[in-house]
Amino acid sequence: MWGLMRLLLAWLGGWGFMGRLAAPVQAWAGFRGRPGPTLLRTRRSWVWNQFFVIEEYAGPEPVLIGKLHSDVDRGEGRTKYLLTGEGAGTVFVIDEATGNIHVTKSLDREEKAQYVLLAQAVDRASNRPLEPPSEFIIKVQDINDNPPVFPLGPYHATVPEMSNVGTSVIQVTAHDADDPSYGNSAKLVYTVLDGLPFFSVDPQTGVVRTAIPNMDRETQEEFLVVIQAKDMGGHMGGLSGSTTVTVTLSDVNDNPPKFPQSLYQFSVVETAGPGTLVGRLQAQDPDLGDNALMAYSILDGEGSEAFSISTDSQGQDGLLTVRKPLDFETRRSYSFRVEATNTLIDPAYLRRGPFKDVASVRVTVQDAPEPPAFTQATYHLVVPENKAPGTLVGQISAIDLDSPASPIRYSILPHSDPERCFSIEPEDGTIRTAVSLDREAHVWHNLTVLATELDSSAQASRVQVAIQTLDENDNAPQLAEPYDTFVCDSAAPGQLIQVIRALDRDEAGNSSRVSLQGPVGPDTNFTVRDNRDGSASLLLPPRPAPPRPAPYLVPIELWDWGHPALSSTATVTVSVCRCRPDGSVASCRPEAQLSPTGLSTGALLAIVTCVGTLLALVVLFVALRRQKQEALMVLEEEDVRENIITYDDEGGGEEDTEAFDITALQNPDGAAPPPPGPPVRRDVLPRARAPRQPRPPGPADVAQLLALRLHEADEDPSVPPYDSVQVYGYEGRGSSCGSLSSLGSGSEAGGAPGPVEPLDDWGPLFRTLAELYGAKEPPAP
């Protein structure tokens with residue numbers, strides 16, 4: 001029976017199992033070395049080995065892969081086999097009666113390589129375990145079903161050109177998903193499919209190497225290599241995969257520079273200044289980058305003096321430029337050699353050198369019209385100061401290089417001599433003074449002289465002429481500043497009051513000796529001591545100066561030691577002041593300087609005068625206001641009914657009959673309404689006479705009259721608003737006694753009406769009186 005089972009499992013590709021019965025043995029459940037209850041343990045009735053199943057098996061399903069059998073099973077049908085674990089019931093099924101295990105579907109080892117399951121035999125009736133469960137493994141046996149794959153492909157690599165044979169380029173790696181521990185399914189071998197004979201690959205490691213020497217980048221820069229990986233050790237029937245490797249040859253400096261021609265010819269005009277580009281020289285180097293950088297140099301001394309050569313910013317071309325001014329009349333051509341050299345040279349490739357090349361260069365100088373050339377680049381001339389106009393300063397000279405006999409015209413540019421201090425002879429360039437010069441005003445005069453060819457005004461050149469004014473002793477020494485000082489009345493004899501310094505404006509005045517001397521004699525109030533360094537000390541004499549209200553004026557005489565010697569006289573103001581014990585000024589004369597912020601006497605007098613004027617104006621204004629108020633009060637106190645209006649101006653006399661309208665004031669009933677048109681002011685003299693219009697009597701009262709006068713005054717825009725006091729002799733209507741004014745009486749005897757002469761016959765002199773008496777009062781009610 002066991003032999004048959006073993007043959008069956010071998011046919012399925014796995015190993016079987018065998019089970020056997022065993023007698024019970026004693027076992028204990030306690031820890032070793034400790035007493036415990038004695039238990040009985042049954043020896044396991046089977047010994048499990050691994051089961052195997054071939055992946056991707058395409059036989060009939062389900063496929064029997066093994067059988068479980070226990071010695072407890074006596075063939076009575078009481079034993080039931082159970083299977084649990086990974087894939088139990090889905091991938092793997094078991095016959096409960098026989099213990100046969102079947103796989104229900106095709107398995108893939110790359111998805112899951114093994115399954116762990118539990119097998120157990122139980123009593124079919126009671127499901128009581130007959131034996132403890134036991135674990136076993138079912139492994140999926142690999143087959144060659146996966147080709148090699150290059151996960152990092154395609155590859156790119158770089159190798160220097162001119163590399164030796166066997167130089168490593170890159171390593172390629174392929175992966176096979178098959179089981180490397182079983183058979184040759186994952187054993188790979190690398191070969192080159194495309195890229196021979198330039199590159200090779202190691203069959204086992206996949207390292208790509210160069211196969212031939214001296215591969216030149218300038219010939220071929222890039223190679224495409226195809227690498228194949230084949231499993232099964234490369235034998236027939238194996239699966240394969242391929243990838244590409246792009247190999248680029250990097251540049252090395254293995255090529256020297258070469259001039260494409262042996263002779264270069266250039267031309268340049270003689271007026272080209274230094275730095276002017278003459279031409280370009282380009283040596284060819286097939287290398288790249290820093291390996292192609294070149295430096296150019298002039299080999300012959302003849303050319304290096306007149307020209308220079310440098311490399312452009314790309315490091316490829318040589319730039320030939322003018323180094324110094326050229327002259328066609330002196331030299332018309334230059335011939336020299338130029339060398340081009342690589343700046344970076346690899347010692348490993350020196351055998352391919354030398355890394356330089358030489359070419360000949362010929363430069364022809366062309367003639368060009370040239371401006372006049374001065375005999376000197378700059379001129380420095382001197383002239384003494386205070387010389388008469390027309391004094392000779394110097395001469396400027398220029399020549400025409402193209403035609404030395406051609407005449408030259410000279411002139412001074414106006415902007416360089418704005419004060420017109422100099423003149424120049426147009427024919428010979430002689431410079432003379434145009435005015436008398438003063439060194440203290442201007443020491444240097446910088447002129448620009450223009451030289452122009454007479455036959456070609458466009459050909460002109462300029463030169464700078466610096467004229468220095470020489471000094472003469474023409475300035476007498478002076479005090480460095482105005483000195484106004486003071487001395488305390490309690491100062492001791494010989495005390496230093498002030499150090500006086502002198503100033504000489506001449507060029508050597510500050511370094512030469514200047515002497516100072518004060519008044520001499522026994523009666524001098526102050527002593528001046530010469531310090532012999534251009535200064536003097538003002539001292540208090542042994543006999544102090546007597547006090548006086550005015551300050552002392554100390555004369556100082558100054559003279560220098562020039563040729564001729566000059567002198568001057570100055571005055572130092574000294575005030576005698578009263579001082580405190582600490583030496584500070586307590587009081588001084590008005591002329592003394594008390595403090596930097598004090599006011600002068602003139603300023604104080606001006607301020608007092610302004611204040612007094614303002615006070616006088618205020619008093620005058622108050623007096624006028626008070627006088628006006630008193631005049632108004634007197635008029636109000638006088639109860640004179642006849643004084644209707646009081647004016648400050650004189651009237652027009654008897655001839656003036658239109659200035660006042662007393663009829664309206666005598667009786668308000670006689671007031672007439674205002675005429676149409678602009679109102680007429682009654683309180684000022686009218687500008688033009690207007691004919692009087694009769695006022696018809698009408699009923700009116702005081703309120704209406706006041707309102708009427710107020711309206712006239714408010715609506716009159718022709719005159720200023722003069723104030724006036726008006727007194728009305730009217731008590732109002734309704735009085736039983738009538739009017740007390742004599743103006744309204746008809747006659748002197750009791751007011752009885754009597755014959756009245758026509759007032760109009762009195763003549764023009766009595767016209768106003770006729771108008772006053774012509775207005776009749778209405779009868780009393």
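Values below: every heavy atom of this structure, side chains too, minus hydrogens, waters and symmetry copies. Along the sequence shown, residues are numbered consecutively beginning with 1.
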If you apply the rule side-chain contact (heavy atoms from CB on, under 4.5 Å), what do you find for L107 with Y115, and how did you get there?
CA-CA 11 Å; L107 301 181; Y115 296 84; 3.8 Å; yes

From CA spacing to verdict: side-chain contact (heavy atoms from CB on, under 4.5 Å), H445, T469
CA-CA 8 Å; H445 298 269; T469 306; 3.5 Å; yes

Are D231 and S185 close enough, and set up right, to give a side-chain contact (heavy atoms from CB on, under 4.5 Å), and what steps lead you there?
CA-CA 6 Å; D231 58 11; S185 299; 5.6 Å; no

Applying side-chain contact (heavy atoms from CB on, under 4.5 Å), run through N184 and M232 and close with a yes or a no.
CA-CA 5 Å; N184 295 326; M232 299 298 293; 4.2 Å; yes

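In this structure a side-chain-to-backbone donor-acceptor pair under 3.5 Å is missing from E425 to T430. The backbone N or O of D455 sits nowhere less than 3.5 Å from a side-chain atom of E453 that would complete a donor-acceptor pair. The backbone N or O of V116 lies less than 3.5 Å from a partner atom in the side chain of E86, making a donor-acceptor pair. In this structure a side-chain-to-backbone donor-acceptor pair under 3.5 Å is present from T210 to N164. Panel note: side chain E339, backbone S297; no donor-acceptor pair is recorded below 3.5 Å. Looking at Y334, its side chain never comes within 3.5 Å of a backbone N or O of E305 through a donor-acceptor pair. Side-chain atoms of S262 do not come within 3.5 Å of backbone N or O of A359 as any donor-acceptor pair. Between the side chain of Q366 and the backbone N or O of S267, no donor-acceptor pair lies under 3.5 Å. For R337 (side chain) and D300 (main-chain N/O), no donor-acceptor pair under 3.5 Å exists by modelled atom type.
For the pair L320/F336, a side-chain contact is recorded, criterion being any heavy-atom separation below 4.5 Å from C-beta on. The shortest distance between side-chain heavy atoms of S163 and M215 does not fall below 4.5 Å. Considering only heavy atoms from C-beta on, Q316 comes within 4.5 Å of M294 through its side chain. Taking 4.5 Å as the limit, some side-chain heavy atom of E218 sits within range of a side-chain heavy atom of D251. The closest side-chain heavy-atom distance from L344 to N342 is not below 4.5 Å. Using a 4.5 Å cut-off on side-chain heavy atoms (C-beta onward), P203 and V189 make contact. In this structure the side chain of P147 never reaches within 4.5 angstrom of the side chain of S240, judged on heavy atoms. Using a 4.5 Å cut-off on side-chain heavy atoms (C-beta onward), R331 and V365 make no contact.
Residues satisfying the ring pair (Phe, Tyr, Trp, His ring centres under 6.0 Å) criterion with F223, sequence neighbours excluded, are F198, F199. In terms of the side chain to side chain contact (heavy atoms under 4.5 Å, CB included) criterion, residue partners of E419 (sequence neighbours excluded) are, by chain and number, C421, H442.
For the atom pair L277 CG and F266 CZ, the distance stands at 8.5 Å (nearest 0.5 Å). Distance CD1/I412 to CZ/F422: 8.0 Å, rounded to 0.5 Å. Atoms CG and CD1, from L299 and I309 in turn, are 10.0 Å apart once rounded to the nearest 0.5 Å. With rounding to the nearest 0.5 angstrom, the CG atom of L83 is 5.0 Å from the CG atom of L117. For the atom pair R217 CZ and L288 CG, the distance stands at 3.5 Å (nearest 0.5 Å). The NE2 atom of H415 lies 10.0 Å from the CG atom of L447; values are rounded to the nearest 0.5 Å.
A pairwise comparison of heavy atoms in S250 and T158 identifies CB-CG2, 3.6 Å as the closest pair. Taking every heavy atom of both residues into account, D357 and P257 meet most closely at CB-O, 3.3 Å. Residues A451 and I408 share a closest heavy-atom pair of CB-CG2, 3.8 Å. For G153 against T243, the heavy-atom pair with the smallest separation is CA-OG1, 3.5 Å. Taking each heavy atom of I170 and A157 in turn, the nearest pair found is CB-CB, 3.9 Å. Heavy atoms only, all atoms of each residue included: P260 and Q282 are closest at CD-O, 3.2 Å.
Classification of the F150-Y190 ring pair by plane angle, with boundaries at 30° and 60°, yields tilted.
Residue Q464 forms a side-chain hydrogen bond (donor to acceptor under 3.5 Å, both in side chains) with just one option from T378, T448, N446, and that option is T448. For the side-chain contact (heavy atoms from CB on, under 4.5 Å) with V226, the lone residue among V192, T244, T191, V245 that qualifies is T244.
Side-chain contact annotation: S308 with T321, donor-acceptor N/O pair under 3.5 Å present. In this structure, a donor-acceptor pair under 3.5 Å is absent between the side chains of S200 and R209. Defined by atom type and a distance below 3.5 Å, a donor-acceptor pair is present between the side-chain atoms of N255 and D287.
Evaluation of the salt bridge (charged side-chain N to carboxylate O under 4.0 Å, His left out) test over residues 180-204, restricted to residues two or more places apart or in two chains, returns none.
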